Amino acid sequence: MAEFVPVDPFDIVIFGVSGDLSRQKLLPALFHRHCDGQIDETCRIIGVARSRMDDEVYLNMVRESCQAATDGDFPEDMWSGFAKLLRYHEIDATSQQADWQPVKESFMGDDRPRIFYLAVGPRLYVPICKAIDAAGLKTSLSRVVLEKPIGSDLESAQSVNDGVESVFDENNIFRMDHYLGKETVQNLLILRFANMLFEPLWSNQTIDHIQITVAETVGLEGRHDYYDKAGAVRDIMQNHLLQLLCLIAMEPPNSLDAENVRAEKIKVLRALKGFDAATVNENTVRAQYTRGHIGEARVKGYRDTLPEELQDSTTETYAAIKTEIANWRWAGVPFYLRTGKRMTSRRSEIVIQFKSTPHNVFGEGQNQPNRLVLRLQPDEGMRLFMQVKEPGPGHMTLRSIPLDLSYARSFSTLKYPDAYERLLMDVVRGNLALFMGHEEVMAAWAWTDDLLSAWQENDQKLEHYAAGTDGPLHANLLLGRDGRAWWDDNNEAGA
Ligand code: BG6
């Protein structure tokens, strides 16, 4: 396991510290970095929220969050050191009357990185940045972190970006897509750009099509306020899925500097084929889950989990699309993307399916193509399916067998740090490579807006799927019409 390199001392202010993101991800991530000795004891982790909490209540809340995110025994000896870094201030950050003095007094200096993490809804990004500025909290070493989705469409993203950029320079704005902090997602760069093997094959000459899946078993987890307005396309496709697509499809960058990587990703996003009312029906599926079972558990339908006034919601919890990248490398190669909540199993996976051999000498049904299956989570690893002869005399039966690289087996002591751990330390270091740039976000929204307005124009039908299934039947037709099928890991029967 790699050693952790300590980062310089820093102060961080977490806005919305009592919310889900802070409790489930940010506070545990900082705690784990503290446990590994990466965070200096002079760092200050300053929570801000509107809730009234005295120190004891706050410390209990943080401790419970860290405990819940720790496998096995909670390291008691580490907790007391971590607790000393914590401060909490009850502030309504958008109020003119807000008193910032206690926050100022919590900072340990202005010659160290000062991070403002906005773990709040995007509509508060600009007001909070302005408040930070007006209160004189910003220093030359200040950075702001924004969570995806930035806005809810191209126009609102533009106004969020403009507002935030009126306070912070682009180089100090860290737009978070936590998928980029996942070890296995970073491994896509290594696979493509540190191995010679695949690059000569990485194009329409040899690749038949590509599938990218982000499937979840979870539902809304109490987030209906946000999710019912967002839906699967804004929540996952506009960011996580498009980022994965970019890493798979972009040209090799000149270096891993943020500027170079972003420039290549933007080219992909701009070359991504959009939709119009005439093409959207055939190339996309939108759907919502109804009640069903996941394993033994009975699961309510999407609408049944919503408050009464939203019971006729038509928000999609599943989306699948077929698109193409209009450039020399990828012309003619379909990219099938899908994401859904309450599906059979949790998995994020990319399947690169190669073309079949041009001439089959082994007889009917013996011409399975090679496939490279990249498993991002869980059971991280990659498998390259090859055709081999089934042992035995007197016949020539071929089987598709994987060369199997499991990260867990290869790195036997491996425990993946959560994506937020890596990304938070990158913010402290000022390393923007795994964060999205302004233009990148805008290009992703331009494509997404196109899809959403084609759906609206076309009055796109909402399909349904039972919770605990792999999505609606129509999603199978999306590939079926092309003589293909979604890769199914359980029976490895995709085609
Ligand atoms: C978030 C979405 O960005 O990603 C959630 O808002 C989703 O709806 C989550 O559940 C999935 O992340 P992960 O890391 O569990 O795949």
Side-chain angles (χ1 to χ4, degrees), residues 16 19-26 28-29 32 68-69 71 117-123 125 145-152 157 174-188 212-247 286-289 294 299 302 305-306 313 315-319 337-350 374-380 407 415-424 434-436 440-441 444-445 448 467 471:
D20 285 346
L21 175 67
S22 303
R23 284 184 290 120
Q24 285 169 22
K25 295 291 181 183
L26 306 181
H32 290 142
D71 297 336
Y117 201 115
L118 309 195
V120 294
R123 72 192 165 77
Y125 290 169
V145 188
L146 312 176
E147 271 290 328
K148 56 106 310 219
I150 313 268
S152 53
F174 290 73
R175 297 179 188 83
M176 178 77 92
D177 180 322
H178 77 277
Y179 262 57
L180 296 177
K182 289 184 191 278
E183 290 279 330
T184 42
V185 173
Q186 290 161 53
N187 243 327
L188 297 177
I212 311 183
T213 298
V214 172
E216 300 186 272
T217 50
V218 293
L220 294 200
E221 314 292 295
R223 295 160 75 219
H224 61 259
D225 265 357
Y226 153 74
Y227 193 89
D228 196 59
K229 288 190 202 85
V233 166
R234 290 188 179 90
D235 186 46
I236 301 255
M237 196 172 277
Q238 186 270 347
N239 35 81
H240 305 331
L241 273 173
L242 287 188
Q243 286 292 324
L244 295 178
L245 177 137
C246 285
L247 295 180
R286 65 187 298 270
Q288 190 183 76
Y289 66 83
I294 299 186
V299 171
Y302 175 74
T305 61
L306 298 175
S313 163
T315 299
E316 82 283 354
T317 59
Y318 176 101
L337 273 49
R338 66 176 163 168
T339 182
K341 295 226 178 261
R342 291 292 192 215
M343 295 179 67
T344 331
S345 57
R346 174 180 185 244
R347 68 199 157 106
S348 297
E349 191 170 73
I350 300 172
L374 307 169
R375 186 49 98 87
L376 307 176
Q377 63 185 24
D379 310 328
E380 293 82 352
Y407 298 154
K415 176 184 168 300
Y416 289 107
D418 188 79
Y420 281 90
E421 298 182 36
R422 158 77 199 241
L423 294 172
L424 276 164
L434 297 178
F435 295 83
M436 298 176 293
E440 201 179 337
V441 171
W445 271 123
T448 308

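The residues of the chain are indexed from 1 along the displayed sequence. Just so it is clear, the structure is predicted and the values come from calculations on it, not from any experiment. As the structure lists them, so they are numbered: ligands from 1, and atoms in each ligand from 1.
Annotation: side-chain contact (heavy atoms from CB on, under 4.5 Å) contacts of Thr184 (sequence neighbours excluded): Lys182, Leu376, Glu380, Tyr407, Tyr416. Judged as a ring pair (Phe, Tyr, Trp, His ring centres under 6.0 Å), and not counting sequence neighbours, the contacts of Tyr420 are His178. Here Arg375 pairs with Glu349, Asp379, Asp489 under the salt bridge (charged side-chain N to carboxylate O under 4.0 Å, His left out) rule; sequence neighbours left out.
Ion pairing between a basic and an acidic side chain is recognised when a charged N comes within 4.0 Å of a carboxylate O; Lys25 and Asp20 show no such pairing.
Tyr289 and Tyr302 have perpendicular rings, their planes meeting at more than 60° on a 0 to 90° scale where under 30° would count as parallel.
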Are any protein N/O atoms closer than 3.5 Å to the N/O atoms of ligand 1? If there are, list each pair with names and the distance to one decimal place.
unit_1: ligand 1; atom_1: 3 (O); unit_2: Lys148; atom_2: NZ; d: 2.6
unit_1: ligand 1; atom_1: 3 (O); unit_2: His240; atom_2: NE2; d: 2.7
unit_1: ligand 1; atom_1: 4 (O); unit_2: His240; atom_2: NE2; d: 3.3
unit_1: ligand 1; atom_1: 6 (O); unit_2: Lys148; atom_2: NZ; d: 3.1
unit_1: ligand 1; atom_1: 6 (O); unit_2: Arg223; atom_2: NH2; d: 2.8
unit_1: ligand 1; atom_1: 6 (O); unit_2: Asp235; atom_2: OD1; d: 2.6
unit_1: ligand 1; atom_1: 6 (O); unit_2: Asp235; atom_2: OD2; d: 3.4
unit_1: ligand 1; atom_1: 8 (O); unit_2: Arg223; atom_2: NH1; d: 2.8
unit_1: ligand 1; atom_1: 8 (O); unit_2: Asp235; atom_2: OD2; d: 2.6
unit_1: ligand 1; atom_1: 8 (O); unit_2: Lys341; atom_2: NZ; d: 2.8
unit_1: ligand 1; atom_1: 10 (O); unit_2: Glu216; atom_2: OE1; d: 3.4
unit_1: ligand 1; atom_1: 10 (O); unit_2: Glu216; atom_2: OE2; d: 2.5
unit_1: ligand 1; atom_1: 10 (O); unit_2: Lys341; atom_2: NZ; d: 3.2
unit_1: ligand 1; atom_1: 12 (O); unit_2: His178; atom_2: NE2; d: 3.1
unit_1: ligand 1; atom_1: 14 (O); unit_2: His178; atom_2: NE2; d: 2.8
unit_1: ligand 1; atom_1: 14 (O); unit_2: Lys182; atom_2: NZ; d: 2.6
unit_1: ligand 1; atom_1: 15 (O); unit_2: Arg346; atom_2: NH2; d: 3.4
unit_1: ligand 1; atom_1: 16 (O); unit_2: Tyr179; atom_2: OH; d: 2.6
unit_1: ligand 1; atom_1: 16 (O); unit_2: Gln377; atom_2: NE2; d: 2.7

#### Entry: Candidate pair Tyr125 and Glu147, rule side chain to side chain donor-acceptor pair (under 3.5 Å), full reasoning
CA-CA 9 Å; Tyr125 290 169; Glu147 271 290 328; over 6 Å; no
